[in-house]
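Below is one structure, written out as structure tokens; the observations come after it.
Throughout, protein chains are lettered first and strands after them, A, B, ... in sequence-line order, and every chain is numbered starting at 1. Computed from heavy atoms alone, side chains included, the values below leave out hydrogens, waters and symmetry copies.
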Amino acid sequence: MSAHPLTAQRLAKLERYRARGIEPYPVGAFVPDVTAAELHADHADLGPASSTGRVVRVAGRLVGRRDIGKLVFGVLQDETGRIQLFAQRQILGEEDLEAFRDLDIGDWIGVEGEVITTKRGELSVAVSRFVLLAKSLRPLPEKWHGLRDVEERHRRRYVDLIVNERARDTAVARSRIVRELRGAFDRRGFLEVETPVLQIEAGGALARPFVTHHNALDQDMYLRIAEELHLKRLIVGGLGKVYELGRVFRNEGLSPRHNPEFTMLEAYVAYADYHDVMNLVENVLVEVVDEVLGDRLVTYQGDTLDFAPPWRRVTMLDAVAEVTGVRFELSMDRDAAAGLAEDLGISVEPSWGVGKIINEVFEEHVERTLVQPTFVYDYPMEISPLARAHRSEPGLTERFELIVAGRELANAFSELNDPLDQRRRFEEQKAARAMGDEEAHPIDEDFLRALEYGMPPTGGLGIGVDRLVMLLTDQASIREVLLFPAMRPEGT
RNA sequence: GGGUCGCUAGCUCAAUCGGCAGAGCAGGGGCCUCUUAAGCCCAAGGUUCAGGGUUCGAUUCCCUGGCGACCCA
């Protein structure tokens, strides 16, 4: 336990309570029957200096106190808001008023009393009885500025949640967004499923996995980097519409937009193609925006995003030509494409083909310019090993990404269901891995076997849930929408 | 991985050119029966992120390391 004087003081107080027979961590001591928000809603019209005769029980954390001698005002905070406590000697008596005064800011208490308003009109509970529910041993941050230090807010999110309303609002909004996402897919008849997090092969995306070890099997395993390959196995099994909303893990650096574990929603629909999936993504996200914000104009970091459908749809090649003035084609000579990209400031790796080169130009110059919701479609096959070959355009796949505020929000394709083509794509990835590409896709033989049993034409999508929450809560950093973002150890 | 910036009391922040480390809030003592960032009086509170260097003297300048923020790869 910390030897800090402020904590030592409170520990001493704790011992005094126990000596007087007051248990500072009681069980079953008090059950509230109303919340702060309910009180404010019920008595919104009460004038100053009113009595209601209504006796209520509220509970929460004492977050403020104003001591006026024989009269003490307290501020009680529960999960719904704040309510003033009015402790008066006439009601409580000398001894209990002194005990109330002796409470520390941060203590959890239960209070019983009449609902009144003060002379100044502040709705209050006139304390007739109170119970210490849990003693707090550490001082809270400053009442006006709260906890500002970003590092401390993330390391001690519990304190952040106590003192910063924005932290609470963001957590609540995130829960709401996740619930609306689930609702949108549930209403459309999707089955929510759970697939393995521990995997023998980490496939379904191009990323480096975390490695762990299964002791009983004496086998290294990976934390999943995507949900994709197992969900497609379920489509093979005849489950026609499935989705999973879960945590995926990628072994990459920390940044305002990347956390090693993040939340992905993936959904797969039999008989759909990527045009159907564009419509699905648009409809689902508009529903979520409507339900959560009630306004299709969303302010994000100073930009106004218009989510009213239809959203713009543009091919990657057109988008690149529009922004850079350079018309790339998949049929181009590789070195010619490399030269054009170099002219645009891209340093081209020898291993890159035309498709990868175009994608780099897109990511470097075009993506950030797409602020309004935009579907960019027809991605190069070279960077899309799990997407179906385009029905008419050689070298491309039926893949799209949804870009909002200059960032990828969703990624989707007509799924590759030709097992022979899938095997060829995996072989190409294997070759890339042999060339040193650590993010190349591994060969998953069981997934190939599943495809060999036959997967119907299928459309699939993935939505980055954290990024969606960032957009709808106007947060610039993923760390603000994660309750407990990844941090380096403190090194006490 | 590279660059820039930051780290001072429990919290929010000061500290002039390198010259006695301060304030507000919180906490302690006192006054006050209508405050609401309550007010007034008094006292207390520091490994200035860590280690090293320069200097008569370092929160301040230099080096190394830690953690974080932002930008870049």
* Which pair of non-hydrogen atoms, one from Leu245(A) and one from Glu227(A), has the smallest distance, and what is that distance? ->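 Closest heavy-atom pair between Leu245(A) and Glu227(A): C-OE2, 4.4 Å.
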* **Nearest non-hydrogen partners of Phe328(A) and Leu317(A), listed with the distance** =>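 Between these two residues, the closest heavy atoms are O-CD2, 3.4 Å.
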Touch class at under 4.0 angstrom, heavy-atom based, for [X] against every strand present:
X: Arg153(A); result: nothing
X: Gly146(A); result: sugar-phosphate
X: Leu147(A); result: sugar-phosphate
X: Gln90(A); result: base

Output one line per pair: protein atom, nucleotide atom from nucleotides 1-7 of chain B, and distance, for all N/O pairs under 3.5 Å.
none

* Determine: side-chain N/O of Arg82(A) to OP1/OP2 of U36(B), distance under 4.0 Å, yes or no. =>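 No, because none of the side-chain N or O atoms of Arg82(A) sits under 4.0 Å from OP1 or OP2 of U36(B).
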* Asked: So does Arg66(A) get a side-chain nitrogen or oxygen closer than 4.0 Å to the phosphate oxygens (OP1/OP2) of G39(B)?
  ->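 Result: no.
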Quick one: side chains of residues 56-69 of chain A, donor-acceptor pairs under 3.5 Å with protein atoms, not counting sequence neighbours, listed by atom name and distance.
residue  : atom : partner   : partner atom : Å
Arg57(A) : NE   : Val31(A)  : O            : 3.0
Arg57(A) : NH1  : Glu112(A) : OE1          : 2.9
Arg61(A) : NH1  : Gly106(A) : O            : 2.8
Arg65(A) : NH1  : Arg101(A) : O            : 3.4
Arg65(A) : NH1  : Leu103(A) : O            : 2.3
Arg66(A) : NH2  : Gln84(A)  : OE1          : 2.9
Asp67(A) : OD1  : Gly69(A)  : N            : 3.1
Asp67(A) : OD1  : Arg101(A) : NH1          : 2.7
Asp67(A) : OD2  : Arg101(A) : NH1          : 3.0

Listing time: all N or O pairs from protein to nucleotides 23-29 of chain B that are below 3.5 Å?
residue : atom : partner   : partner atom : Å
C25(B)  : O3'  : Lys143(A) : NZ           : 3.3
A26(B)  : OP1  : Lys143(A) : NZ           : 2.9
G27(B)  : OP1  : Arg65(A)  : NH2          : 3.2
G27(B)  : O2'  : Gln9(A)   : OE1          : 2.1
G27(B)  : O2'  : Gln9(A)   : NE2          : 3.4

Write down the distance separating the [atom1] atoms in [N] and [M], rounded off to the nearest Å.
N: G29(B); M: C70(B); atom1: C1'; result: 46 Å
N: C25(B); M: U59(B); atom1: P; result: 27 Å
N: G22(B); M: U64(B); atom1: P; result: 32 Å
N: U8(B); M: C49(B); atom1: C1'; result: 10 Å
N: G46(B); M: G27(B); atom1: C1'; result: 16 Å

List every contact pair, protein side and nucleotides 42-49 of chain B side both N or O, where the distance is under 3.5 Å.
none

* Asked: Looking only at atom types and distance, does a side-chain atom of Thr117(A) sit under 3.5 Å from a main-chain N or O of Ala49(A), one as donor and one as acceptor?
  ->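 Yes; judged by distance alone, with no hydrogens or angles, the pair exists.
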* Asked: What parts of residues 157-167 of chain A reach RNA chain B, counting only heavy atoms under 4.0 Å away?
  ->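 Those residues: none at all.
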* **Set of ring-ring contact (aromatic ring centres under 6.0 Å, His included) partners for Phe262(A), sequence neighbours left out** =>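 Phe262(A): no ring-ring contact (aromatic ring centres under 6.0 Å, His included) contacts found.
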* On RNA chain B, check which nucleotide each of Gly69(A) and Ala476(A) is closest to and give me the residue with the more 5' one. =>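 Going by which nucleotide is closer to the 5' end, it is Gly69(A).
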